[in-house]
Amino acid sequence: MTEHWLPEFLRSPLAALIGEECTVTLVDQLNVFEPKCLRFALSKGLGLGIVLGGCVVKLPQLFKILKSKSVAGISLSSYVLELFANIITIAYNFRKGYDFTTYGEALFIGAQNYVITLLIMMMMGRASLGMAAGAFLVVFTYAMFSDTLVNSALLSALYGLTIPLVVSSRIPQIYTIHKNKYTGQLSAFAVFNYFFGTAARLYTTLVQVDDSLVLTGVVLATVANGILAAQMLYYWNAPAPKDKYRLDSKKNE
């Protein structure tokens with residue numbers, strides 16, 4: 001039996017993350033270049049990092065909106081489409097029993113998207129519609145997790161639809177930036193975090209998830225996020241157009 005040289009309070013969470021077998025190989029035996037466990041440990045580490053990044057990825061966008069009191073350059077339809085995709089993604093992966101580190105960021109990003117979507121509606125003078133939409137999304141989320149209301153076959157079909165949905169959620173934002181020649185209140189941190197996050201998620205999906213639907217979705221999301229990141233760089237110092245979605249300007253009208 002291999003002796004444990006790492007203190008138990010450090011070894012236990014590591015074993016919970018990468019499994020006892022790989023902990024013995026990589027840590028206890030210091031066989032750090034064993035291909036199978038090294039690949040798995042890298043995937044789990046990246047997955048955990050992506051999930052943790054998902055906890056804060058949209059916060060700069062939220063703070064930027066609150067500080068500027070403006071939603072200029074931000075596409076409402078992009079956030080609504082992405083939010084639906086988040087909900088379906090979480091339900092599909094949870095009900096399939098996939099490891100939380102392979103999809104967990106969708107939970108935290110979805111919660112932040114929910115708040116930002118309602119905030120956009122409020123600043124566009126659609127507060128009542130926002131409240132109704134918020135209530136509908138709660139009911140929709142419950143239905144996605146219910147085997148009675150949405151069976152596995154229907155959920156798989158809906159998840160298949162999220163693949164074009166994720167891409168189409170980026171198209172309005174890409175078009176808005178292209179039309180305005182300006183990134184507005186769009187957060188650079190969120191855009192680049194999304195791009196690098198989906199690129200890393202591509203690796204974790206290849207290693208941990210044997211599901212062609214999930215892989216296709218991640219590939220297309222990486223491409224779409226890459227286009228947004230390129231636009232952010234291209235229009236980095238572009239001048240701002242007249243802002244019609246600023247709270248201060250509405251008060252002065």
Side-chain angles (χ1 to χ4, degrees), residues 52-87 89 105-138 140-141 165-198 221-253:
L52 293 176
C55 295
V56 299
V57 67
K58 292 298 183 79
L59 292 183
Q61 181 67 81
L62 178 59
F63 294 149
K64 194 171 184 179
I65 292 173
L66 292 173
K67 182 179 179 181
S68 66
K69 299 179 182 179
S70 169
V71 292
I74 300 176
S75 170
L76 173 61
S77 56
S78 284
Y79 272 92
V80 172
L81 289 171
E82 185 182 359
L83 186 51
F84 276 108
N86 289 146
I87 295 169
T89 296
E105 72 279 4
L107 174 63
F108 301 107
I109 292 172
Q112 293 165 80
N113 281 338
Y114 180 81
V115 174
I116 292 173
T117 298
L118 297 183
L119 194 57
I120 293 172
M121 288 184 174
M122 182 189 74
M123 290 192 173
M124 295 178 73
R126 303 176 185 175
S128 297
L129 179 61
M131 293 176 64
F136 172 77
L137 285 168
V138 172
F140 180 78
T141 301
L165 191 62
V166 167
V167 176
S168 62
S169 73
R170 297 293 185 269
I171 291 175
Q173 187 64 74
I174 291 170
Y175 174 74
T176 298
I177 294 173
H178 175 73
K179 180 182 177 183
N180 295 338
K181 312 296 183 187
Y182 175 62
T183 58
Q185 300 307 315
L186 196 62
S187 166
F189 174 82
V191 170
F192 291 121
N193 197 311
Y194 251 119
F195 172 63
F196 290 117
T198 49
T222 302
V223 171
N225 288 332
I227 294 173
L228 269 176
Q231 285 185 309
M232 181 63 70
L233 289 172
Y234 188 77
Y235 295 114
W236 190 267
N237 292 316
K242 184 178 179 181
D243 185 351
K244 64 179 180 179
Y245 293 133
R246 184 178 174 87
L247 286 184
D248 292 345
S249 63
K250 287 180 177 293
K251 291 178 181 177
N252 294 331
E253 287 178 357

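Predicted model, so just to flag it, every value in this text is computed and none were measured.
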Can you name the closest pair of heavy atoms from [X] and [Y] and give their distance?
X      : Y      : value
Leu228 : Arg170 : CD1-CD, 3.5 Å
Gln112 : Leu59  : OE1-N, 3.2 Å
Ala85  : Thr89  : O-OG1, 2.7 Å
Gln61  : Ile74  : NE2-CD1, 3.3 Å
Thr176 : Ser75  : OG1-CB, 4.1 Å

Which distance, rounded to the nearest 0.5 Å, do you find between the [atom1] of [X] and the [atom2] of [Y]?
X      : Y      : atom1 : atom2 : answer
Ser70  : Lys64  : OG    : NZ    : 10.0 Å
Ile87  : Tyr114 : CD1   : OH    : 9.0 Å
Leu137 : Leu83  : CG    : CG    : 5.0 Å
Leu119 : Leu62  : CG    : CG    : 6.5 Å
Leu52  : Glu105 : CG    : CD    : 10.5 Å

With heavy-atom distances below 4.5 Å as the criterion, would you say the side chains of [X] and [Y] are in contact?
X      : Y      : answer
Ile109 : Tyr194 : yes
Thr117 : Val80  : yes
Ile227 : Phe195 : no
Ile177 : Tyr235 : yes

Audit row: Asn225, Val191, side chain to side chain contact (heavy atoms under 4.5 Å, CB included) steps and yes/no = CA-CA 7 Å; Asn225 288 332; Val191 170; over 6 Å; no

CA sep, side-chain torsions, deciding dist, call: Arg126, Leu76, side chain to side chain contact (heavy atoms under 4.5 Å, CB included) = CA-CA 11 Å; Arg126 303 176 185 175; Leu76 173 61; 3.8 Å; yes

Taken in chain and number order and not counting sequence neighbours, the residues that satisfy side-chain hydrogen bond (donor to acceptor under 3.5 Å, both in side chains) with Asn113 are Lys58, Glu82, Asn86

Should we say atom CZ of Phe189 is surrounded by more than 12 heavy atoms from elsewhere, each under 6.0 Å from it?
-> yes

Would a line drawn from the ring center of Phe84 to the ring center of Phe140 be shorter than 6.0 Å?
-> yes

